[in-house]
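Step one of this worksheet: look at the structure below.
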Amino acid sequence: MSNPINFVKGEGIRLYTSQNEEYIDAVSGTFNISLGYSHPELVELLKTQVEDLIHVSSAFTAEAAQDVLDDIVASAPEYITHGWMRDIIGSTANEGAVKIANKYNGKSEVISLALSHHGQTLYTTAISGNAFRRKSFPNTVSVQHGVVPAPYCYRCPYSAKGAPECGFLCAEAIYDYVHYGSSDNVSCMILEPILGNGGNIIPPDGYFERIRKICDELEIVLIADEVQTGIGRTGYMFASEHYDIKPDIITLAKGLGGIGIPAAAILYRSQFDVFEKFEHSYTSGGNLLSLAASKKTVEIVSREGFLENVRTNGDLLGSMLQKLKEHYGHIIGDVRGIGYMWGLEIVDKNGDPDPDLTNRIISIAQDDHHMILRGSRYGFGNVVKVRPTLTATPEDIQEIISRLDKLFSRL
């Protein structure tokens with residue numbers, strides 16, 4: 001475990017200690033610093049907002065919240081027309097999405113994917129596919145919940161030869177669960193367009209089309225958890241639209257606040273506009289700082305050329321990471337990603353997952369190369385994440401790759 005560091009200042013992708021030591025943050029904080037540290041436009045806006053008014057009850061911010069939602073919805077898939085902005089974190093936004101589905105169809109059971117992560121509250125932990133978080137809290141929250149295999153083609157649980165030849169067995173498992181494992185009470189399915197904490201897993205072409213068809217057939221509400229992928233992370237405002245998922249509900253958080261300001265939103269088709277104000281509202285939800293940061297962030301990301309730049313630089317990052325794999329294939333088993341959301345699968349000599357080496361790489365990066373990386377499954381996984389801020393330049397990317405190269409060359 002690396003020693004704790006006291007950072008006192010940040011700019012772009014760089015952080016500085018009280019001794020003015022410089023570190024590169026290659027993962028955008030907790031993937032929530034979408035526009036970099038101390039983005040000048042947001043800093044100036046938030047200074048003014050702090051001086052004017054930080055918080056009033058959400059009873060008085062409805063108009064401001066709707067203004068922000070209008071901007072977000074304008075960039076969403078065209079059938080997504082309504083929203084809710086009384087959250088500040090992804091966990092409660094995901095809870096809210098499930099509550100909407102439950103109220104809409106009168107059912108309660110939830111399906112999620114193995115390796116999925118939908119939050120840290122007791123409820124979202126209970127519906128996530130990463131079960132290790134629940135070990136210390138057995139029977140604290142009882143939920144009706146089913147898990148189906150993740151579309152993890154690199155390590156297919158069926159040992160299939162790949163999609164579409166496999167017939168999307170992982171998606172077809174939904175039928176088995178609904179017919180044989182559920183209580184005939186399935187309300188919704190929640191999934192991440194890219195399984196972030198599960199290992200930066202990107203489903204194969206055709207997977208989401210099959211999921212949408214199954215959900216329609218079984219009358220299951222489809223929720224896209226875009227807490228990590230939303231607001232430009234993949235080079236598109238919404239990964240849902242890029243991958244043509246056609247979800248009924250979309251959740252956002254993390255990058256929505258631009259420079260780390262907590263902010264979250266739930267977006268949905270018009271028929272899911274079922275909440276009463278008292279059914280899902282939090283003290284800090286819809287606070288003026290979150291709303292101001294969200295509005296400015298969406299404006300910046302929506303500017304001409306911004307997302308195109310993320311896609312172009314993301315291709316550059318991906319090609320450079322692939323070259324690292326070519327040189328260090330005995331350590332890097334797979335490279336996968338899009339935009340500024342990439343993962344390196346770390347393997348042992350037999351090609352098996354190597355969490356110990358993964359954690360060692362992250363520690364060495366921080367201690368010896370002054371670079372911050374993160375691993376999958378909170379240190380239990382074997383994927384190193386590389387996710388710089390959306391404002392990272394080609395020079396920033398080159399510096400990240402240079403430090404990674406030096407690190408891998410000495411393992």
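Side-chain atoms are counted along with the backbone in the values below, which use heavy atoms only and exclude waters and symmetry mates. Positions are given from 1 along the sequence.
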Practice problem: Run the numbers on Leu404 and Leu324 for side chain to side chain contact (heavy atoms under 4.5 Å, CB included), then give the verdict. | Solution: CA-CA 8 Å; Leu404 283 171; Leu324 285 182; 3.8 Å; yes

Quiz item: Have Asn287 and Ser290 got a donor and an acceptor in their side chains that come within less than 3.5 Å?
Solution: yes

Practice problem: Starting at CD1 of Ile361, measure out to CE of Met371 and round the result to the nearest 0.5 Å. | Solution: 10.0 Å

Practice problem: Could you tell me whether Tyr23 and Phe7 have their ring centroids closer than 6.0 angstrom? | Solution: yes

Practice problem: Identify whether the distance between the nearest side-chain nitrogen and carboxylate oxygen of Lys295 and Asp67 falls below 4.0 Å. | Solution: yes

Self-check item: Side-chain donor-acceptor contact under 3.5 Å, Thr251 with Glu226
Solution: no

Practice problem: Verify, without hydrogens or angle tests, whether Tyr268 (side chain) and Ala101 (backbone) share a donor-acceptor contact under 3.5 angstrom. | Solution: no

Self-check item: Cation-pi check, Arg233 onto Phe238 ring (under 6.0 Å, within 45° of axis)
Solution: no

Quiz item: What residues, two or more places apart in sequence or in another chain, satisfy ring-ring contact (aromatic ring centres under 6.0 Å, His included) together with Tyr282?
Solution: His280

Quiz item: Under a 4.0 Å N-O cut-off, is there an ion pair linking Glu95 with Lys99?
Solution: no

Self-check item: Validation row: Tyr158, Pro149 side chains within 4.5 angstrom (heavy atoms)
Solution: yes

Exercise. Can you establish whether the number of heavy atoms outside His330 located under 6.0 Å from its atom NE2 is more than 12?
Key: yes

Quiz item: Is the closest side-chain heavy-atom distance between Val178 and Ile214 below 4.5 Å?
Solution: no

Self-check item: Shortest non-hydrogen contact from Arg134 toward Ser128
Solution: NH1-O, 2.9 Å

Quiz item: Distance from Cys188 atom SG to Ile249 atom CD1, nearest 0.5 Å?
Solution: 7.0 Å

Quiz item: Under the side chain to side chain donor-acceptor pair (under 3.5 Å) criterion, do Thr92 and Asp87 qualify, and how do the steps go?
Solution: CA-CA 6 Å; Thr92 59; Asp87 296 272; 2.7 Å; yes

Practice problem: Enumerate the residue pairs fulfilling salt bridge (charged side-chain N to carboxylate O under 4.0 Å, His left out) with a member in residues 245-273, sequence neighbours excluded, ordered by first and then second residue. | Solution: Arg212-Asp248, Asp244-Lys246, Asp248-Arg269

Practice problem: Using a cut-off of 6.0 Å, state whether more than 12 heavy atoms not belonging to Gln271 lie near its atom CD. | Solution: yes

Quiz item: After noting the C-alpha distance and the side-chain angles of Arg303 and Glu299, does the key distance pass the salt bridge (charged side-chain N to carboxylate O under 4.0 Å, His left out) rule?
Solution: CA-CA 6 Å; Arg303 289 175 184 169; Glu299 177 203 323; 2.8 Å; yes

Quiz item: Quick one: CG on Asp71 to NZ on Lys296, what's the gap to the nearest 0.5 Å?
Solution: 10.5 Å

Quiz prompt | Test item: side-chain donor near acceptor, Thr124 and Thr121, under 3.5 Å | solution = yes

Quiz item: Is it true that the side chains of Asn130 and His117 contain a donor and an acceptor less than 3.5 Å apart?
Solution: no

Exercise. Return yes if a side-chain donor-acceptor contact under 3.5 Å exists between Gln144 and Ser183, otherwise no.
Key: yes

Quiz item: Okay, side chain of Arg403, backbone of His369: is any donor-acceptor separation there less than 3.5 Å?
Solution: yes

Self-check item: Salt bridge Lys47-Glu44, side-chain N to carboxylate O under 4.0 Å
Solution: yes

Quiz prompt | Minimal non-hydrogen separation, Asn185 against Gly106, with atom names | solution = OD1-O, 4.4 Å

Quiz item: Can you find a heavy atom in the side chain of Ile300 that is under 4.5 Å from one in the side chain of His39?
Solution: yes

Quiz item: So Leu291 and Ser294, side chain to side chain contact (heavy atoms under 4.5 Å, CB included) or not? Walk me through it.
Solution: CA-CA 5 Å; Leu291 294 176; Ser294 298; 5.8 Å; no

Quiz item: Can you tell if the side chain of Glu399 reaches within under 4.5 Å of the side chain of Ile24, non-hydrogen atoms only?
Solution: yes

Quiz prompt | Val383 and Ile346, any side-chain heavy atoms less than 4.5 Å apart | solution = no

Quiz item: side chain to side chain contact (heavy atoms under 4.5 Å, CB included) between Glu345 and Arg336: does it pass, once the steps are laid out?
Solution: CA-CA 8 Å; Glu345 176 131 356; Arg336 49 185 178 259; 2.6 Å; yes

Exercise. Would you please classify the geometry between the Phe272 ring and the Tyr104 ring as parallel, tilted or perpendicular, with 30° and 60° separating the classes?
Key: tilted

Quiz prompt | Derivation of the salt bridge (charged side-chain N to carboxylate O under 4.0 Å, His left out) call for Arg14 and Asp396 | solution = CA-CA 10 Å; Arg14 288 166 172 78; Asp396 292 332; 3.0 Å; yes

Quiz prompt | Val147 to Leu113 - nearest heavy-atom pair and separation | solution = CG1-C, 3.8 Å

Quiz item: What distance separates Leu357 CG from Leu411 CG, expressed to the nearest 0.5 Å?
Solution: 6.0 Å

Quiz item: Between atom CG of Leu317 and atom CD1 of Ile338, what is the distance when rounded to the nearest 0.5 Å?
Solution: 12.0 Å

Quiz item: side chain to side chain donor-acceptor pair (under 3.5 Å) between Thr17 and Asn6: does it pass, once the steps are laid out?
Solution: CA-CA 6 Å; Thr17 69; Asn6 179 31; over 6 Å; no

Exercise. Locate the shortest heavy-atom distance separating Cys170 from Ala150; write the atom from each residue and the value.
Key: CB-O, 4.1 Å

Quiz prompt | Flag for Ser108-Asn102: side-chain donor and acceptor within less than 3.5 Å | solution = no

Quiz prompt | Cation-pi, Tyr340 ring and Arg387 (6.0 angstrom, 45 degrees) | solution = no

Exercise. Answer whether the closest heavy-atom distance between the side chains of Val148 and Ile111 falls below 4.5 Å.
Key: yes

Quiz item: Is the closest side-chain donor-acceptor distance between Asn197 and Lys385 under 3.5 Å?
Solution: yes

Quiz item: Is it true that the side chains of Asp354 and Asn382 contain a donor and an acceptor less than 3.5 Å apart?
Solution: no

Quiz item: When you look at Leu256 and Asn32, which way does the side chain to side chain contact (heavy atoms under 4.5 Å, CB included) test go after all the steps?
Solution: CA-CA 8 Å; Leu256 184 59; Asn32 62 328; over 6 Å; no

Self-check item: Aromatic plane relationship, Tyr207 with Phe168 - under 30° parallel, 30 to 60° tilted, over 60° perpendicular
Solution: tilted

Quiz item: Would you say Pro388 and Ile400 make side-chain contact, with heavy atoms under 4.5 Å?
Solution: yes

Quiz item: Measuring from Asn200:CG to Asp334:CG, what's the distance to the nearest 0.5 Å?
Solution: 10.0 Å

Practice problem: Locate the shortest heavy-atom distance separating Ser409 from Tyr328; write the atom from each residue and the value. | Solution: CB-OH, 3.5 Å

Quiz item: So do the side chains of Leu316 and Pro394 get within less than 4.5 Å of each other, counting heavy atoms only?
Solution: yes

Practice problem: Indicate whether the side chain of Tyr16 and that of Glu11 have a donor and an acceptor atom separated by less than 3.5 Å. | Solution: no

Quiz item: Does a sphere of radius 6.0 Å around CG in Asp352 hold more than 12 heavy atoms from other residues, nucleotides or ligands, not counting ones at 6.0 Å or beyond?
Solution: yes

Quiz item: So, for Gly255 and Thr297, which heavy atoms are closest and what is the spacing to 0.1 Å?
Solution: O-CG2, 3.6 Å

Quiz item: If we ignore angles and hydrogens, is there a donor and acceptor under 3.5 Å between the side chains of Ser402 and Asp405?
Solution: no

Quiz prompt | Between His145 and Ser112, a side-chain donor and acceptor under 3.5 Å | solution = yes

